[in-house]
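What follows is one structure encoded as structure tokens, with my remarks underneath.
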Amino acid sequence: MYAHQRVERALRKAIAETQARGLLPRVELPGPVIERPQGRGHGDYSSSLPLKLARPMRKSPMDIAGLIAAEMPRDEAIGRVDVARPGFINFTLSPAWIAQQVDTILDSGPSFGNVNAGAGQRVQVEFVSVNPNGPIHVGHARGAVFGSALANVMEAAGYEVEREYYVNDGGNQMALFYRSLHARYLQALGRDAELPEGGYRGGYLVDFAREIVEEEGDRFLSMPDEEAVTGLGEVGLRKMIDLIRQDLRELRVEYDVWFIEQSLYSDGLFGKVAALLEESGYLTERDGAVWFRSTLLGDEKDKVFIRSNKAPTYFASDAAYHYNKLVTRGFDRVIDIWGADHQGNVPFMKAMMTALGLSQDRLDLLLYQLVTLRRGGETVRLATRAGELVTLKELVDEVGPDACRFFFLTRSPDSQMEFDLDLAAQQSKENPVYYVQYAHARICGIQKLAGERGIDHGDGRVLLLTHEAELDLLKKMLQLPELIEAMAANLSPHYLTSYSLELATLYHRFNDSCRVVSGAPEDLPVSKARLKLVAAARAVLARCLGLMLMDAPEQM
RNA sequence: GUCCCUGUAGCUCAGUGGAUAGAGCGGCUGCCUUCUAAGCAGCGGGUCGCGGGUUCGAAUCCUGCCAGGGACGCCA
């Protein structure tokens with residue numbers, strides 16, 4: 001059982017005991033029971049419950065705190081319980097218990113920090129899902145990093161996670177993409193052809209066309225245009241998905257499922273969902289189109305579901321898609337990560353959940369604010385269809401996946417951010433990611449030295465760890481489970497970055513004040529204990545870096 | 001006009017209603033014969049956009065205003 005769980009259990013027990021003895025009235029406990037005090041001198045955990053209970057219990061906070069503190073059961077983890085004005089109860093962990101946790105961490109290995117908040121629920125995280133009509137660009141990197149880190153965090157928190165990319169292979173934009181490819185294909189064969197109005201001008205289509213000519217020759221030339229566009233489109237789509245998959249892989253983003261939008265139509269699910277909505281009266285015809293009546297559910301406007309040309313809208317696909325996720329595949333929870341430019345769809349999607357008879361609690365729509373790009377002192381709005389864009393690949397090639405991931409992960413998805421390309425390489429040198437990785441590499445260096453000197457720390461006695469720097473480092477390590485719990489509850493993987501920095505700071509501080517491998521024979525017992533400590537620290541640092549999908553280098 | 005996000009140190013940003021608001025970068029001062037100085041210690045730097053409100057307690061919740069970004073399509 002983790003430290004915070006022990007403290008909470010003991011506190012609840014103490015409260016129940018005071019109530020059972022009639023010292024305090026029975027009232028419901030509000031909110032979180034314990035928290036982490038910010039400053040030093042208030043212990044490792046504290047409870048402000050007495051302040052909150054003062055009113056319902058009709059007693060002074062200090063009296064309540066005193067009564068509860070007096071009933072605190074003995075727990076080897078809890079060294080001290082103090083009452084502090086104006087009504088806090090502060091808990092200080094026992095140094096001996098803290099030291100013993102080194103063994104616990106080493107025994108847990110890579111699973112240290114895992115919690116069971118998810119209780120095995122199946123959750124799907126769908127992210128990036130950019131239309132496959134161009135390479136992933138810098139703006140998408142944010143969603144890719146956020147989504148992949150969140151998926152890892154949810155897994156650590158006890159959810160069964162599936163990572164999914166939704167491939168929109170239909171719609172007007174894709175049609176335009178296919179026609180653009182057709183034009184490039186004709187050009188590649190020396191024919192006179194012009195890109196369609198507003199077509200995709202990116203060089204990747206020129207490359208695709210050349211590859212297709214190399215691989216399949218001019219066989220599309222003899223077909224009627226429409227057939228050629230379709231045929232080329234299939235090949236182009238496959239190439240585009242491969243390219244996207246490859247680019248994302250360089251950012252260490254991998255998926256379990258690539259879900260094809262068209263399959264919703266080919267397997268008949270779309271028709272089923274449309275019929276369901278029709279039956280419950282959520283569809284209506286107007287101006288030749290079929291509308292989803294979201295106004296019935298409190299929205300300001302209705303939304304087109306099937307166009308007057310009989311083609312379903314993106315939104316209609318999305319309705320069937322979410323039905324597939326939550327009903328067909330039966331995920332307990334679904335998390336969609338969208339760019340802020342899709343925010344307008346949030347109310348419609350929520351209304352759709354209700355219309356489909358699904359609880360809104362099962363769907364989280366997370367928005368990340370858009371990234372703007374700064375180049376040559378000028379701010380450029382990112383747009384896929386504009387000619388000039390910076391691809392994800394260019395970014396990763398320039399700053400590396402680690403710095404790139406850390407950079408995006410440091411910011412909360414709610415904050416707008418500006419990416420200064422001119423400073424990217426320079427920033428990467430100053431990127432705090434190296435500070436964290438360096439801590440890991442330093443530990444590896446120590447372990448290497450210990451290995452060379454043949455020191456076996458298996459019998460190291462952790463109770464020898466009493467130095468302030470040792471205990472501070474350990475206490476920070478022990479926070480990992482709480483961190484994972486909080487990140488999963490708030491869907492906020494970005495806490496990892498600050499935590500890793502704090503952990504690395506405490507490691508570097510320890511490294512500076514405590515010598516691990518010593519030449520003096522009388523230091524051997526402490527050396528062994530410290531070797532255990534650094535092994536545990538290495539495990540926790542590696543875990544954090546792993547959750548962020550960053551490298552944990554053995555040397556730098 | 002309506003809706004969403006943001007406004008915290010010179011810059012980039014953390015901050016899960018609690019006690020004295022933090023980090024990185026930049027600036028200044030020290031510290032390498034010893035496990036990597038990609039490090040450590042210290043100094044300086046704040047009307048948490050502004051005004052009201054709720055609360056024992058507000059950077060955090062509510063509200064009004066100001067500023068920046070985004071969305072309001074039979075595009076995706």
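Letters A, B, ... mirror the listed sequences (proteins, then strands); counts begin at 1.
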For nucleotides C74(B) and G69(B), find the distance between their P atoms and express it as a whole number of Å.
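Straight-line distance between the two P atoms is 26 Å.
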Taking atom C1' in both C13(B) and G46(B), what distance in whole Å separates the two?
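Pairwise C1' distance, C13(B) against G46(B), rounds to 15 Å.
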Would you mind telling me which of [options] lies closest to the side-chain atoms of [X]?
X: N131(A); options: C35(B), A76(B), C13(B); value: A76(B)
X: R515(A); options: U34(B), C13(B), G39(B); value: U34(B)
X: V304(A); options: A19(B), A76(B), C74(B); value: C74(B)
X: L51(A); options: A38(B), G15(B), G18(B); value: G18(B)
X: Y495(A); options: C72(B), C74(B), U16(B); value: U16(B)

RNA chain B base-pair string [pairs: Watson-Crick or G-U under 3.5 Å; |: paired with another strand]
(((((((..((((....[...)))).(((((.......))))).....(((((..]....))))))))))))....
Counting the atoms with a prime plus P, OP1 and OP2 as sugar-phosphate, which does [X] contact under 4.0 Å by heavy atoms, base, sugar-phosphate, or nothing?
X: S498(A); value: sugar-phosphate
X: A439(A); value: nothing
X: R36(A); value: nothing

Side-chain donor-acceptor pair under 3.5 Å between Y2(A) and Q479(A), yes or no?
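Distance-only check fails for Y2(A) and Q479(A).
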Exercise: do Q173(A) and Y200(A) side chains pair donor with acceptor under 3.5 Å:
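Yes, because at least one side-chain N or O of Q173(A) sits under 3.5 Å from a partner of the opposite role on Y200(A).
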Acceptor/donor pairs from residues 284-291 of chain A side chains to any protein atom, 3.5 angstrom cut, sequence neighbours excluded:
| unit_1 | atom_1 | unit_2 | atom_2 | d |
| --- | --- | --- | --- | --- |
| R286(A) | NH2 | D302(A) | OD2 | 2.8 |
| W291(A) | NE1 | R286(A) | O | 3.1 |

Distance-only donor-acceptor test (3.5 Å): side chain S308(A), base C74(B)
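Between C74(B) and S308(A), which were checked side chain against base, a qualifying N/O pair under 3.5 Å is present.
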Any N or O donor-acceptor pair under 3.5 Å from the base of A19(B) to the side chain of S46(A)?
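Counting by modelled atom types and ignoring angles, a donor-acceptor contact under 3.5 Å is found here.
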Taking the nucleotide of RNA chain B with the closest heavy atom to each, which residue, M417(A) or M174(A), is nearer the 5' end?
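The residue mapped nearer the 5' terminus is M417(A).
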Residue met sooner reading RNA chain B from 5', once F315(A) and C514(A) are mapped to nucleotides:
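Taking each residue's closest nucleotide, the earlier one in sequence belongs to C514(A).
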Close N or O pairs between protein and nucleotides 6-11 of chain B (under 3.5 Å):
none

Just to be sure I understand the geometry, which residues of residues 443-451 of chain A put a non-hydrogen atom under 4.0 Å away from RNA chain B?
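The answer is G445(A), I446(A), L449(A).
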When you measure from every atom of RNA chain B, which of residues 56-69 of chain A have a heavy atom less than 4.0 Å away?
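Heavy-atom cutoff 4.0 Å gives no residues at all.
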Hey, what are the protein-to-nucleotides 24-31 of chain B N/O distances that come in under 3.5 Å?
none

Given atom CG of L367(A) and atom P of C3(B), what is their separation to the nearest angstrom?
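Interatomic distance, CG of L367(A) to P of C3(B): 17 Å.
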Looking at R442(A), does any N or O in its side chain come under 4.0 Å of the phosphate oxygens OP1/OP2 on A37(B)?
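For A37(B), OP1 or OP2 has a side-chain N or O of R442(A) closer than 4.0 Å.
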